[in-house]
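For reference, the structure is listed below as structure tokens.
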There are 4 protein chains.
Amino acid sequence: MGKTERKERERKRRKDRILNAAISLIEEKGFEKTTMEEIAERAEFSKGTLYLYYNDKSSLFQAIKKRALKYLHDQFLQILQKDLPGAKLVHEMMITFLDLIHENATFTKAMMLYGKKSEQEVEATDGTIQEDCIQLENELLMLIVRSLQIGVQDGSINTKLDPKLLALQIGFQMNGMIQFCLTGSNKKGLQILDEKNMDLPDLMEQFLQTQFSQAG
Amino acid sequence: MGKTERKERERKRRKDRILNAAISLIEEKGFEKTTMEEIAERAEFSKGTLYLYYNDKSSLFQAIKKRALKYLHDQFLQILQKDLPGAKLVHEMMITFLDLIHENATFTKAMMLYGKKSEQEVEATDGTIQEDCIQLENELLMLIVRSLQIGVQDGSINTKLDPKLLALQIGFQMNGMIQFCLTGSNKKGLQILDEKNMDLPDLMEQFLQTQFSQAG
Amino acid sequence: MGKTERKERERKRRKDRILNAAISLIEEKGFEKTTMEEIAERAEFSKGTLYLYYNDKSSLFQAIKKRALKYLHDQFLQILQKDLPGAKLVHEMMITFLDLIHENATFTKAMMLYGKKSEQEVEATDGTIQEDCIQLENELLMLIVRSLQIGVQDGSINTKLDPKLLALQIGFQMNGMIQFCLTGSNKKGLQILDEKNMDLPDLMEQFLQTQFSQAG
Amino acid sequence: MGKTERKERERKRRKDRILNAAISLIEEKGFEKTTMEEIAERAEFSKGTLYLYYNDKSSLFQAIKKRALKYLHDQFLQILQKDLPGAKLVHEMMITFLDLIHENATFTKAMMLYGKKSEQEVEATDGTIQEDCIQLENELLMLIVRSLQIGVQDGSINTKLDPKLLALQIGFQMNGMIQFCLTGSNKKGLQILDEKNMDLPDLMEQFLQTQFSQAG
DNA sequence: GATGAATGAGCATTCATTCAT
DNA sequence: AATGAATGAATGCTCATTCAT
């Protein structure tokens, strides 16, 4: 019988319980100010138990990042399988991205900030997770490249740029938007969007349109 | 006589000494790992003296941010005074930005990250600095808007977008590029730039060209 | 049938497996730094199982000591049965001792240090083991005394001292040598031995010769 | 004026206060079981203050060892300056040693045990102290060697052994006796001394007499 | 008998901040 | 203005031990 299997599933469930506790706490108090003690408390585990599932605080936080990247990766893959013009594929991917931000800021925050601050601040703890994240990030970028190539081929995208460079530009735009979202402080930006009665997805759409319809 | 004046100047000089010490240390060890003790040591002050000039650690770090913003603001103002087409003004501003990153990553890091992570993590310590920063950020954005308006008017910029929205997009792109720079990990992105024999300023130029030459 | 017997033997074998794991680990990492977890792992038992065989960590460590003492006791007994002059008996006993150090430092370390540091540090856990050790230590001393008495009687030992006092002195010397061995730091001592081209057994022999040939 | 001087003296006094607190606590509870918290409490300092004077727990403990060695070194030097036959010099040194044990067991314990257990258990923390201790230990040994040489020359010591080797043997005996003292458990040994109405200094005297009067 | 998940008290260490001088 | 000794709350992490299965 699948005894080991069940065990493994149980373990996964507990790891998730901890992850969720961590995410919600980070959402409330910020990264550095969230303590292992509190995470344990919210996950209804004892402090020591946390260390049964994650080597240390750093690993726990990186696991959040990995989860976010994995989620996005899955979504991107599903989008790619749809029978849509390339331009639309890219557009859907970006919307998915922006949705994620709205639904779960911490998730996105983790994906963006943690392990990105400065290499000195993130000591390698669990090399595997670190590697996995880099791998996922690369694949995410490549999925956008693929969609762009499809778009160029099916004529839905009209650009003078190389798909890879365009993907990079789209990635930067995405990143900038995320930063914007994670930062409440940029009042002026919000005000501009308000004035024009637009939201971020609208702006993203406009951005893509500009990029995808370059005069020859 | 300018006794008070001289005093004030002296004070400013000492504040700067502290700021520089902090910046160089952060560059070496990262934000959170830089201690007041070390900053004091490098600034050749005693720990207690730091508190004579900055209310607390948070204020000190925000002051770094403010300084970066101020520097940029000054640069942008000077650029705006040049007798150049609007498109070129924007371009120069962006190059100035990218230069700053290369010259002083911490500076940029401070500007981007600190006080942006999550509002919970930045307790209001020195309201004034906080306000100043927001003000500067807004003005920075508006200086880009102005340049865009000039460009539209002088015909160097051809866009269907509202200048304010375009400024926002340019800002996002800028932000994304900074993130990219501050993050060593994005190997794929670097690889793409390498392949095409391009660097970030090149990509920025391409980006602006696309934005500024939209077919009617 | 010897069902209980077999069970008992099995139990003994498992206790030994644990003991050996503990000894090898202590050898590698030192006393305090060896954890029950690691011992269990190396013994290929689960952590909980250890407690089926030893009441607690302290008991486990004392068991190591006891085993060392028992080994020596057995050796001493065998030596005593040999048809040799008393002086030679003592000499062989000491050599056996020094050999043990070289062959298994942890063993000796356990015998010397553990449970000897300070009485506060060894809470009575398993009174029996504690008692057994004291008993064995006493018997060890008495076996030396017996050998000395034999030596005095057969003329191989010429001393003005009471055999018991002499045994005590020999014991002290032994102890001192063990300390010396367990301590890598005493560079000067090693250097002296080197200079004279001697090793510890040589020095012990010299020591015994001096003790055993006192002018009337 | 000696402002710096006074400061330094004050600092020394505070370091001593901490050391004394540590010694008395170790005496009561044993090495490993004494916590920094308790030491701070007894020294009437806050926990953090301890770290202003000693880098870490290990350093603090090694400082105890160093103090003991220094004390002995001073005593040995004074003895050496006395106008006495060499045999008497050695004898006085040993008595000084034994006295130290009786007066301050922890002191001696520190000197003997700490940093001697096993090299794995004592990570180098404050290299200086470590070095100082080794240096002192060597000098201690050499002072005995000098006394022996004097004794051989003035005829108070009659031995076939090389002074250095003899010093080593005396050192081992000393060590053995210390072990014996630090270990309450060796009941048999105590019983023997009792029977003969002797104490450790008596036995040491006897030991030295045997060593110093070897028939040619 | 064996397991291993869970515990939670315990510990060393850090560091921003204060304040008497 | 400057100091730097002192603080003490806070935190990440360890590990012997227990107990339900």
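Quick caveat, the model's predicted, so the values are computed rather than measured. Naming convention: chains lettered A, B, ... in sequence-line order (proteins, then strands); numbering from 1 in each chain.
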Spacing of D:Ile18 atom CD1 relative to E:dT13 atom P, expressed in whole Å | 14 Å
Can you list, by residue number, the residues of residues 34-47 of chain C that have a non-hydrogen atom closer than 4.0 angstrom to DNA chain E?
-> C:Phe45, C:Ser46, C:Lys47
Does the side chain of D:Arg11 get closer than 4.0 angstrom to OP1 or OP2 of F:dG4 through an N or O atom?
-> no
With sugar-phosphate meaning primed atoms plus P, OP1 and OP2, does B:Tyr54 contact a base, only sugar-phosphate, or nothing at under 4.0 Å between heavy atoms?
-> nothing
Whole-Å distance separating the CG atom of B:Leu25 from the P atom of E:dA16 | 12 Å
Ion pair present between D:Lys7 and D:Glu10, side-chain N to carboxylate O less than 4.0 angstrom?
-> no
In terms of side-chain heavy atoms of C:Asp56, which of E:dT13, F:dT17, E:dA2 is nearest?
-> F:dT17
Would you mind reading off the distance between A:Leu50 atom CG and F:dC13 atom C1', rounded to a whole angstrom?
-> 11 Å
5'-most by nearest nucleotide on DNA chain F - B:Gly48 or A:Leu52 | B:Gly48
Secondary structure of DNA chain E per the Watson-Crick/G-U criterion (both distances under 3.5 Å; [ ] crossing, | other strand, . unpaired) is .||||||||||||||||||||
Is the closest basic N to carboxylate O distance between B:Lys15 and B:Glu8 below 4.0 Å?
-> no
Tell me yes or no: between the side chains of B:Tyr53 and B:Arg11, is some donor less than 3.5 Å from an acceptor?
-> no
Pair D:Lys47 + D:Glu41: basic N to acidic O under 4.0 Å = no
Pair B:Ser24-B:Glu27, side chain to side chain donor-acceptor pair (under 3.5 Å): steps then yes or no = CA-CA 5 Å; B:Ser24 69; B:Glu27 198 119 19; over 6 Å; no
Starting at NZ of B:Lys57 and ending at P of E:dT17, how long is that distance when rounded to a whole Å?
-> 8 Å
Does B:Tyr51 or A:Arg14 map to a spot on DNA chain E nearer the 5' end, using the closest nucleotide for each?
-> A:Arg14
So, does A:Tyr54 use its side chain to make a donor-acceptor pair with the main chain of A:Leu19 at under 3.5 Å?
-> no
For the side chain of A:Arg17 and the backbone of A:Ala43, is there at least one donor-acceptor N/O pair under 3.5 Å apart?
-> yes
So D:Arg67 and D:Ile23, side-chain contact (heavy atoms from CB on, under 4.5 Å) or not? Walk me through it.
-> CA-CA 11 Å; D:Arg67 194 158 97 174; D:Ile23 290 175; 3.6 Å; yes
For C:Arg9 and E:dG1, give me the distance from atom CZ to atom P, rounded to whole Å.
-> 17 Å
Residue pair A:Asp56 / A:Met36: nearest heavy atoms and the distance that separates them = C-CE, 4.3 Å
F:dA5 C1' sits how many Å from D:Arg13 CZ, rounded?
-> 16 Å
Specify the separation, in whole Å, of atom CZ of A:Arg17 and atom C1' of E:dA5.
-> 12 Å
For B:Tyr53 and F:dT3, what is the distance between atoms OH and C1' respectively, to the nearest whole Å?
-> 12 Å
